[in-house]
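Okay, so here's the structure we're looking at.
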Protein chains: 4
Amino acid sequence: MTESIAATAVSVPASADAPGAVERRGRPRNAAVGTAVIETVLRLLEEGVPLGELSMERIAREAGVGKATVYRRWAGKEALMLDVMRSLEHDAPELAGESVRDDLVTLLETLRRRGLAKRSSAVLRTVLAQIKAHPELWREYHEKVVRVRREAVHAVLRRGAATGELRADLDVELMGDLIVSPMLSRAMFHDRAELPEDLPGRIVDAALEGIRPR
Amino acid sequence: MTESIAATAVSVPASADAPGAVERRGRPRNAAVGTAVIETVLRLLEEGVPLGELSMERIAREAGVGKATVYRRWAGKEALMLDVMRSLEHDAPELAGESVRDDLVTLLETLRRRGLAKRSSAVLRTVLAQIKAHPELWREYHEKVVRVRREAVHAVLRRGAATGELRADLDVELMGDLIVSPMLSRAMFHDRAELPEDLPGRIVDAALEGIRPR
Amino acid sequence: MTESIAATAVSVPASADAPGAVERRGRPRNAAVGTAVIETVLRLLEEGVPLGELSMERIAREAGVGKATVYRRWAGKEALMLDVMRSLEHDAPELAGESVRDDLVTLLETLRRRGLAKRSSAVLRTVLAQIKAHPELWREYHEKVVRVRREAVHAVLRRGAATGELRADLDVELMGDLIVSPMLSRAMFHDRAELPEDLPGRIVDAALEGIRPR
Amino acid sequence: MTESIAATAVSVPASADAPGAVERRGRPRNAAVGTAVIETVLRLLEEGVPLGELSMERIAREAGVGKATVYRRWAGKEALMLDVMRSLEHDAPELAGESVRDDLVTLLETLRRRGLAKRSSAVLRTVLAQIKAHPELWREYHEKVVRVRREAVHAVLRRGAATGELRADLDVELMGDLIVSPMLSRAMFHDRAELPEDLPGRIVDAALEGIRPR
DNA sequence: CATTAACCGAGACGGTACGTCGAGTCTTGGC
DNA sequence: GCCAAGACTCGACGTACCGTCTCGGTTAATG
C-alpha cells in the first residue's frame, strides 16, 4: 500500500490541515495517512464497491488507518468525499485563444474525457450523489469546482461577443448552460457509449448555428 | 391519518401488486397503507428532513405502519423512493401543435414548474440522488419517466424538421439535449431563484437562433 | 398428515372446548385440527427442533392449519404446551397392593419409563421449561398431573403405616418426596444412561432401610 | 448508574475475558458494563418481570448500555443468564466435619437458604428454565455449579462410610440424590412456604434412618 | 332445502425483538 | 500530540414471530 501512495501521488487538498500560523506541538501529522485514505476510497470505487458499502469503517480498515485518525482530518463521510472529488480535478486546459469555437470544443472535450476516465466516471456518479445530499458540501463543491469551469466558458463567450465572432447581445450565462449542460447530462446520467469523440464539436456547432434554417 | 390519505389521493403506482389473473388468497392488502407511506415520505421531505435521516424505521413509525408491512410492498428504501418519484409525475402537457417554438416552451415550462413546486423541488434533489446510486433503479426510472419526456421533445423537433420550420438535417437527439439539459441542470442543481418565468422562452430561442451573428 | 392423525390418535384434552350447556351453532369444530396441531408439536420436538424455534407460526404452518384456528383453541403457546404435556400422560399404573415396597417400585418404574420414552424425554425437558416460566400454567399442571402422582405415592405410604409395614409416625409428605424426587431429578436433568432398570428398586430400598448401619 | 454498580459489587465471572497472556490492544473493556448488565437482569427479575419480557433489547436499554456491547460479551441471552446464575453462587459452606448428619444438614441448609433468598428464588425459577432449554449451557452449568455441590455431599457420605458412621456398602451417588433431590425439588417447584426451617434436618434424618420400623 | 353462523386456510396488519452493522466518540499503549 | 486498535452509545438494518384481523370459501345444524 505504501508504495501505491508514493506512486500515485494524489494531491490531497489538505482540507483540515491548519494552513495558518497556529503553532503546532507534539507529533506532526503523517501526510501519508491522508493520501492513503483518499487512495483507498478511489481504489474501492474503481473496484466497483457500491456506494452503500463504502463505510468509514471499511475505508479506515482497508487503508490500515485508525477511524479516529480519519475523523481528525475530515468532519464526516461527505467531507472526505469532497476531497476525493477534488483529488480528481485536472488543471484547466490550455486554450489556443484563436477560434471561439475551438476553445469551446476544448473545454467540452475536457469534460468528455473526465466522463470517460475510468476513475472519474466511476467516482463522479457515486460521489456526486453523496455530496448533493448535503447542501453545505454541495455549495462548497459548486464554488470551488463547478464555478471555475463555468467561468472559463463564460470568458470565452465574452471574448467572442467582443470580437464580433458571436452576437454582441449574448446572454453569457444562458449560452454557457446551453453548451455545458448537455455534456454534463450525458456524462452523469448516461453510459459512456453516449460520449462519442465528435460530441463536443457537434454540441458547440449546434449551439453556434441554432436549429432554425438560415 | 385516514383523512389525510383520502385528502391527498396520491396515485400509488402499485409496484408490487399483481395485475394479472393471479388468484389472491388471504386478507387483501390495504390500499391505504401504500398511500400513507408515500404520503409520509413526501411530508417528511417537505419538512426538510435530510435524506440521511429518512430511515425506513422512521418512515414506518411516522406513517403508523409496521416495518414489515413496508418491506412487504417495497424491496428497500430505493424501491420505495422510486414509487415516491412516480407519484409526483404529472400528465404530459397538452401541446398546441401550431408553433414548434411554443410547444418546446410549453414542455420546458412543465419542467420549470416542477422544479419550482414545493414538493418536487424538495423531493427531486434528494430522492434522485438516492435513486442514482442504484443502477437498476436508475435504469427503471429512466425508462419510465425520463424517456417519455425526451420523446415528447423529439417528436416536436421531428415535426419541425418535416414542416420546414427547423433544419431538415436536424440531429434530433442532440438538439433535444441542447434544449432540455439547461433546464434540468438548473432545476436540479441550483436555487429556485435561477428559474425565472422567461427562462423556457430564452432557452428555446437561443437554441433556435444560435449564437453566431446572422 | 391426515393419516398420521388417525393413526396416532392422541387424546386431546380439549381444553377450550365448552363442555357445558352453551348452545353452539354454526359449523362445529373439526376435531382433527386439534389433534393435528398437538401431533405436529410432538413430531417437531422428537425431530430435535429446539424449543426456541417452536413458534406458533411454524406449528401452524407445519400442521397445515391457520394461525387463527390455533388461537381459537389455545390462548397462547403455553396453553398449547400444557395440552401437549397432558397428551403424554399415561393412565396410573395398576398396583398389586400386596407389598408396599413393590407398589412404590411400580410407581417409580412408571416415571422411569416415561423418562426413557422417546417422546416424553424429548418433550418433558423442553416443554416443562416453557411451562414453568408461566406460573398459572405451572400451577395448573401441578394440580392436574403432579398432584395425582404424589397422591398415589402418599396413599401407598399411608397404607404401609397403617399395616405396620412402615413406621407408624411416618411423615408421608416428606417420605414421598424422598422417594419420588431422585427419580424426577434424574429424569429431568440427566441423560437416559442414568436411568438404569434397577433404579426404582434401589431408590425404594434405600429409602426404606436408611443409610445408617443397623 | 455508576454508584449502583459500585454498591452492589456483583462478582462477574468474566466469561469472555481472556485470562491468559494475550496481548490486548485498543481500548480495554469497561468492567462496569458487565456488572451493570448482570445487575440489571437481577433487578428486573426481582421486580417480577416475566421471563418472556426479559429481552436483550430491554436489558441493554435499562442498563444504559448499547446492545452491541452486550453481544460483544455474551453470545446470546442464555450465555448471559448463565453468568447471572453464577453471580449468585455463594461459597461452599464450612463443614464442621464432626458428625456426618450435621454436615449433611449444613449442606442442605445452604440450598434451603438460597431457595428462600429474595434474589435466588426469583431468579432460579426463571433463569434455570431458560438455561435448561439449551443443552450446551445446561451442561456447562451442571459442570461448574451442580457437580461441585454434589461432590461435597458425596465426600461427606464417603467419609461416613469410612468411619463406620454409615453403612460400608453405601451407594454414594444414589444416597446423594436421595438427600439432595427433595430439597432441590421443593426449592425449584414449590412456594417458599414449603421450605420450613427444620426441613434439612428432617430430610437427613429420614434418609439416615429409613422408613421401615426398626 | 335454503339460511345462517361458526368454522377453516391464507395472509396482511401493527408491534416488538432479534442479532448485525455503521457512525462518531473515547480510551488505552506506544511512538 | 499523533497513531492503530478497539470498546463505547446510539440507532437503523431487514427478518421473524406475536396475536389480531379480514378475506373467500366450506360445512353442519336450524328453520
Side-chain angles (χ1 to χ4, degrees), chain A residues 24-30 32-33 52-61 63-77, chain B residues 23-30 32-33 52-61 63-77, chain C residues 23-30 32-33 52-61 63-77, chain D residues 23-33 52-61 63-77:
Chain A
R24 288 227 165 244
R25 309 210 305 181
R27 175 176 172 181
R29 287 191 181 167
N30 180 354
V33 168
E53 297 177 13
L54 248 194
S55 57
M56 293 295 263
E57 199 100 22
R58 180 167 180 185
I59 292 169
R61 199 187 321 126
V65 149
K67 244 199 314 179
T69 302
V70 178
Y71 280 102
R72 204 175 291 125
R73 291 170 184 243
W74 294 281
K77 177 146 63 171
Chain B
E23 177 141 9
R24 284 227 162 255
R25 304 211 297 183
R27 177 176 174 176
R29 291 192 178 167
N30 181 356
V33 168
E53 296 177 14
L54 248 195
S55 59
M56 294 295 262
E57 199 103 21
R58 179 166 181 187
I59 292 169
R61 200 189 318 128
V65 148
K67 234 192 329 174
T69 301
V70 179
Y71 281 104
R72 201 175 293 123
R73 291 167 183 246
W74 294 281
K77 177 146 61 173
Chain C
E23 179 132 8
R24 288 222 164 250
R25 308 212 307 182
R27 175 178 174 179
R29 289 190 179 164
N30 181 354
V33 168
E53 298 178 13
L54 248 194
S55 59
M56 293 295 263
E57 200 101 21
R58 179 167 181 186
I59 292 169
R61 200 188 319 129
V65 149
K67 246 200 312 181
T69 304
V70 179
Y71 280 103
R72 203 175 290 125
R73 294 173 184 239
W74 293 280
K77 177 145 65 172
Chain D
E23 178 138 6
R24 284 223 163 258
R25 303 213 298 183
R27 178 175 172 178
R29 291 194 177 165
N30 180 355
V33 168
E53 298 178 13
L54 247 195
S55 59
M56 294 295 263
E57 198 103 21
R58 179 165 180 187
I59 291 169
R61 199 189 319 129
V65 149
K67 237 195 322 176
T69 301
V70 178
Y71 281 103
R72 198 176 294 124
R73 293 170 182 244
W74 293 280
K77 177 145 63 172

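Every chain is numbered from 1, with letters handed out A, B, ... down the list of sequences.
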Closest non-hydrogen atom pair, A:Met56 against A:Lys67: O-CG, 4.4 Å
5' priority, DNA chain E, between D:Gly76 and C:Asn30 [closest heavy atom]: C:Asn30
Nucleotide nearest B:Ser55 when distance is taken to its side chain, options F:dT9, F:dC13, F:dA4: F:dC13
Phosphate-side-chain proximity, D:Thr69 and F:dT9, N/O vs OP1/OP2 below 4.0 Å: yes
Position toward the 5' end of DNA chain F (nearest nucleotide), B:Leu54 or D:Pro28: D:Pro28
Side-chain donor/acceptor of A:Lys67 to base of F:dG6, under 3.5 Å: no
Nearest-nucleotide pick for B:Arg72, side chain only, options being E:dC13, E:dC8, E:dG15: E:dC13
Atom-pair distance (CE on D:Met56; P on E:dT20), nearest Å: 10 Å
Separation of F:dG14 P from B:Tyr71 OH (nearest whole Å): 3 Å
Interatomic distance where CD belongs to D:Glu53 and P belongs to F:dC18 [whole Å]: 15 Å
Donor-acceptor pair present, D:Arg27 side chain and F:dA7 base, under 3.5 Å: yes
Separation of atom CD1 in C:Ile59 from atom C1' in E:dG9, rounded to whole Å: 17 Å
For C:Arg73 against C:Asn30, the heavy-atom pair lying closest together: NH2-O, 2.9 Å
Given DNA chain E, 5'-ward residue of the pair C:Ala68 and D:Ala68, judged by closest heavy atom: C:Ala68
Between C1' of F:dA7 and CD of A:Glu57, the distance in whole Å: 12 Å
Phosphate OP1/OP2 of F:dG6 contacted by D:Arg29 side-chain N/O (<4.0 Å): no
Value in whole Å for how far the C1' atom of E:dG11 lies from CZ of C:Arg58: 19 Å
Separation of atom CH2 in B:Trp74 from atom P in F:dG14, rounded to whole Å: 14 Å
Minimum-distance nucleotide to D:Lys77 side chain [options: E:dC8, E:dA23, E:dC18]: E:dC18
Options F:dA16, F:dG19, F:dC8, nucleotide nearest the side-chain atoms of D:Arg73: F:dC8
B:Lys77 versus B:Leu54, closest heavy-atom pair with distance: NZ-O, 3.2 Å
Atom pair distance, as rounded to whole Å: CZ in D:Arg61 and P in E:dA17: 6 Å
